[in-house]
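A quick write-up on the structure given underneath.
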Protein chains: 2
Amino acid sequence: MQEKNYLNLWPEPNYSIMKNLSVTININSDIYLKDPSTTELGKKILLNSITLIDKLGIEDFNFKKLAQRISSTESSVYRYFENKHYLFIYLINWYWNWTSIRIDIALQNLQDPDEKLKRIIKALIENSFINMDVPFIDEEVLHRIIVREGTKAYHHKTVDTDNDYGFFLAYKALCKKISLVLLEINPRYAYPKTLASTLLEVCNNNIYFAKHLPRLTDIKYNNDIKAMSNEIFDMLYAMTKANLLYKQ
Amino acid sequence: MQEKNYLNLWPEPNYSIMKNLSVTININSDIYLKDPSTTELGKKILLNSITLIDKLGIEDFNFKKLAQRISSTESSVYRYFENKHYLFIYLINWYWNWTSIRIDIALQNLQDPDEKLKRIIKALIENSFINMDVPFIDEEVLHRIIVREGTKAYHHKTVDTDNDYGFFLAYKALCKKISLVLLEINPRYAYPKTLASTLLEVCNNNIYFAKHLPRLTDIKYNNDIKAMSNEIFDMLYAMTKANLLYKQ
DNA sequence: TTGTAATGATAGTAATACTACTATTAAACA
DNA sequence: TGTTTAATAGTAGTATTACTATCATTACAA
C-alpha cells in the first residue's frame, strides 16, 4: 500500500503575484458572434448559462430557458452565439484557458520539475488553489460542468471541423504545457502527450466517479472536499511518477 | 525510450473453444420495452441504428430517420425503446457485455496474470481478436461509435437514476474483472479500480485522439490498423505495468 | 374460427432550434 | 442640439424533433 504523502506538501503559493492581477482570458473569436465579455447582457449570458447548464445538463439547456432566466429574449442570445454548442465551446475554452493561467502562476519562479508537477495536479483538482475572481464566471460551478460534461466538447461527429476552427487550442495548449513538465522529469519518456491528456481526464473522471459511479474508482466520495482532493492528489501523483520513472 | 515488445507476443488463442459457441449477450430488460433481439424488426433496428449513428453521430440521429432507413415507422421503433437514449444505452451495454465475454474466452485456461493482462489489452484494442459473429450487430462499426461517443452514456445530468436502473452494470462488471487481474499482478496495489477504468478510457481516447486530435496523444495515426494496435498495446501495457510495479 | 402479437399508417401536440423583421433606448459624435 | 449607431427587446413565423394516440392490417397459434 502506497503511503500518504500529502501532508505539509503545500507551501502557500506566492499570492502577491496575483494581488493586482488582471489577467484577461482570451477566447478564439470564431466561437462567438459578439464578444460576450464586453457587454452587460453578454456577461449575464455567461454567468447564467453556467448556473443553468449546471442545473439542467446541456441536453435540457436551451436559449429560450436562458433568455427567460435573464429576462431577455432568445433572439438577443442568438446575437452572441450561433447555438448552444458554440456557447458550450466558449465555456470550455474559458475554463481551460483559466486553468492554464492558474498553472502559469503556480509555477512562477519554480525550478524543481517535481514541485511543478505537484502544483499542476493541485491546480487541476482544486479551483480554490490560485483563484482569480472573474465577476462574470462562477469557476466552481463551471468546474462541475467540466467534470460532468466537458469531454462532450470533442466527442461528436463534427470534431474535425471544430478542430479546424481552432476550438480545442486551449485544451491542446494546456496539454502541451503539462507534457513539457513531464519531460523535465524524464526527458526520455515515450508518451508525454498521452500522459498529460490522461492526467487531465483521469482527474475529472475520478472526481465524477467518486460521486456517481463509485465502483469505477478507488477514491472515496467525501463531502469534505479537502480530504477528497488529498486522496486524488496522491493517486494522480503516484500514477504520473510511476509512468515517468518506470523501467521495463 | 522504451523498447518495442509486441513482436511474437501473440500465440494464437484457442479458437476451438468458440467454434460452436453460441453465447447470448444478456441485456438488462429495463433498457428496452420489447426485446429487439427476438424479432426481425428489432434486429433491423439494432443493425441500422448502429450504421446510422456511425454516419450521423447520436446528436443528429433520430427515430424518424431510422424508421425511414428500415422502411418502417417511428411508432414501430418506439415500441422497442422509449427514446434514443435508451437505444444508445442498449448498444453500449451490448458492447461492454460482448467485450467481457471476449475477455473470458481469451483468458480461459490461463494462469499467468501478466499474460492475462496482455490479452485483456489486446481485446480492448482489437475487435478481430476473438470475434463472434452476431448477425444483427456490426461489431466494428459499433466499436467506432463507442470510441467516439461511448462515454456520453454516463456524462449527463441523469446519471444517478440511470445508475439506479442498472444501466451501467455491464461496464462496472468489466471494470471489476480487469481490476481483479491487476490485483493478481500486484495484490497490494492501491488503485485497481481506477487503473481498470483508466485503461478502458485511455484505450478509446488514444484511438480517437490519434485520428482527430493528434496533439493529445503520442500514438501516430496509421491506416494500417495492425501497426497502430501494436503501438497502443505497448503504451497501455507499459502504463499498466508501471502503475502496478512502481515503488515510491 | 377466434384471438392475439407484431407491425403499419395516420394524425396530432408540445417543445426545440432557429430566422427575420421591426421597435425602442441610450450613448456617442458632429 | 440633432443625428447616427449600437444594443437590446419584441413579435412572429417555420421546420424539425420527440414524442403519444388511435385504428387498420397481417399472420400465426389455439
Side-chain angles (χ1 to χ4, degrees), chain A residues 29-49 52-53 55-91 135-136 149 152-153 156-158 161-162, chain B residues 29-49 52-53 55-91 135-136 149 152-153 156-158 161-162:
Chain A
S29 62
D30 287 341
I31 296 172
Y32 50 78
L33 298 170
K34 181 190 295 191
D35 187 347
S37 68
T38 59
T39 64
E40 280 313 302
L41 182 62
K43 288 172 189 173
K44 272 167 92 178
I45 287 172
L46 295 179
L47 198 57
N48 288 279
S49 64
L52 201 53
I53 291 170
K55 189 179 159 198
L56 304 175
I58 341 169
E59 270 73 41
D60 284 354
F61 167 87
N62 65 42
F63 281 2
K64 190 170 196 177
K65 290 171 186 167
L66 175 61
Q68 273 162 1
R69 166 180 274 242
I70 60 180
S71 302
S72 178
T73 59
E74 263 186 285
S75 56
S76 297
V77 178
Y78 273 107
R79 274 194 209 95
Y80 286 86
F81 295 101
E82 260 180 76
N83 54 47
K84 75 170 169 183
H85 178 66
Y86 282 70
L87 168 55
F88 185 58
I89 292 288
Y90 183 99
L91 296 176
F136 51 93
E149 322 200 50
K152 283 190 241 179
H156 53 74
K157 188 72 187 179
T158 56
T161 51
D162 279 18
Chain B
S29 62
D30 287 341
I31 296 172
Y32 51 78
L33 298 170
K34 181 190 294 192
D35 187 347
S37 69
T38 60
T39 65
E40 280 314 301
L41 181 62
K43 289 172 188 171
K44 272 168 92 179
I45 288 172
L46 295 179
L47 199 58
N48 289 278
S49 63
L52 201 54
I53 291 169
K55 188 179 161 199
L56 304 175
I58 342 166
E59 270 72 41
D60 283 353
F61 167 86
N62 64 41
F63 280 3
K64 189 170 195 174
K65 291 171 186 168
L66 174 62
Q68 274 162 1
R69 167 180 273 242
I70 60 180
S71 304
S72 178
T73 58
E74 263 185 285
S75 56
S76 296
V77 178
Y78 274 107
R79 279 194 201 98
Y80 286 86
F81 295 102
E82 260 180 77
N83 53 48
K84 76 171 168 183
H85 178 64
Y86 282 71
L87 169 56
F88 185 58
I89 292 289
Y90 184 99
L91 296 176
F136 52 93
E149 321 200 51
K152 284 191 241 179
H156 54 73
K157 188 70 188 179
T158 56
T161 51
D162 279 19

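Keep in mind that this is a model prediction, so the values were computed, not measured.
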Round to a whole Å and report the spacing from OH of B:Y86 to P of D:dC19. 10 Å
Using a strict cut-off of less than 4.0 Å between a Lys/Arg side-chain nitrogen and an Asp/Glu carboxylate oxygen, indicate whether B:K152 and B:E59 qualify as a salt bridge. yes
Under 4.0 Å from any heavy atom of chain A: name the first and the last nucleotide of DNA chain C that qualifies, 5' to 3'. C:dT16 to C:dA20
Side chains of A:S76 and A:T73 only: does a donor on one sit below 3.5 Å from an acceptor on the other? yes
Looking at NE2 of B:H156 and CG of A:L56, how far apart are the two atoms once the value is rounded to the nearest 0.5 Å? 14.5 Å
Have a look at B:E82 and say if it touches a base, only the backbone sugar-phosphate, or nothing, with a 4.0 Å heavy-atom cut-off. sugar-phosphate
Gap between atoms CG and C1', on B:L66 and D:dA18 respectively (whole Å): 14 Å
Rounded to the Å, how far apart are A:L33 CG and D:dT8 P? 13 Å
For D:dT8 and A:K34 - does any side-chain N or O of the residue sit under 4.0 Å from the phosphate oxygens OP1/OP2? yes
Could you report the tightest heavy-atom contact between A:V77 and A:I45, atom names first, then the distance? CA-CD1, 4.0 Å
Find the distance A:E59:CD to D:dA18:C1' and express it as a whole number of Å. 14 Å
Short side-chain N/O contact from B:N62 to OP1 or OP2 of D:dT17, under 4.0 Å: yes
Which value, rounded to the nearest 0.5 Å, describes the distance between B:S49 atom OG and B:Y90 atom OH? 9.5 Å
Identified side-chain contact (heavy atoms from CB on, under 4.5 Å) partner of B:I53 from the options B:D60, B:L91, B:L66, B:N48: B:L91
If you take the centroid of each ring, where Trp contributes its six-membered ring, are A:Y86 and A:Y32 closer together than 6.0 Å? no
Please produce a list of atom pairs where a protein N or O lies less than 3.5 Å from an N or O of nucleotides 9-12 of chain D.
{"from": "D:dA9", "atom 1": "OP2", "to": "A:S72", "atom 2": "OG", "distance (Å)": "2.3"}
{"from": "D:dA9", "atom 1": "OP2", "to": "A:S76", "atom 2": "OG", "distance (Å)": "3.3"}
{"from": "D:dA9", "atom 1": "N6", "to": "A:R79", "atom 2": "NH2", "distance (Å)": "2.8"}
{"from": "D:dG10", "atom 1": "O6", "to": "A:S75", "atom 2": "OG", "distance (Å)": "3.1"}

Across the strands shown, which category fits B:Y80 at heavy-atom distances under 4.0 angstrom: base, sugar-phosphate, nothing? sugar-phosphate
Categorize B:F63 for me: base, sugar-phosphate, or nothing, with a 4.0 angstrom heavy-atom threshold over every strand shown. nothing
Could you tell me the separation between the OH atom of A:Y32 and the P atom of D:dA7, rounded to a whole number of Å? 13 Å
Output yes when A:K65 and A:E74 qualify as a salt bridge under the 4.0 Å nitrogen-oxygen rule, no when they do not. no
Please report the distance, rounded to the nearest Å, between CG in B:D60 and P in D:dT17. 8 Å
Just so I know, are the side chains of B:L52 and B:R69 near enough to count as touching, which here means a heavy-atom distance under 4.5 Å? yes
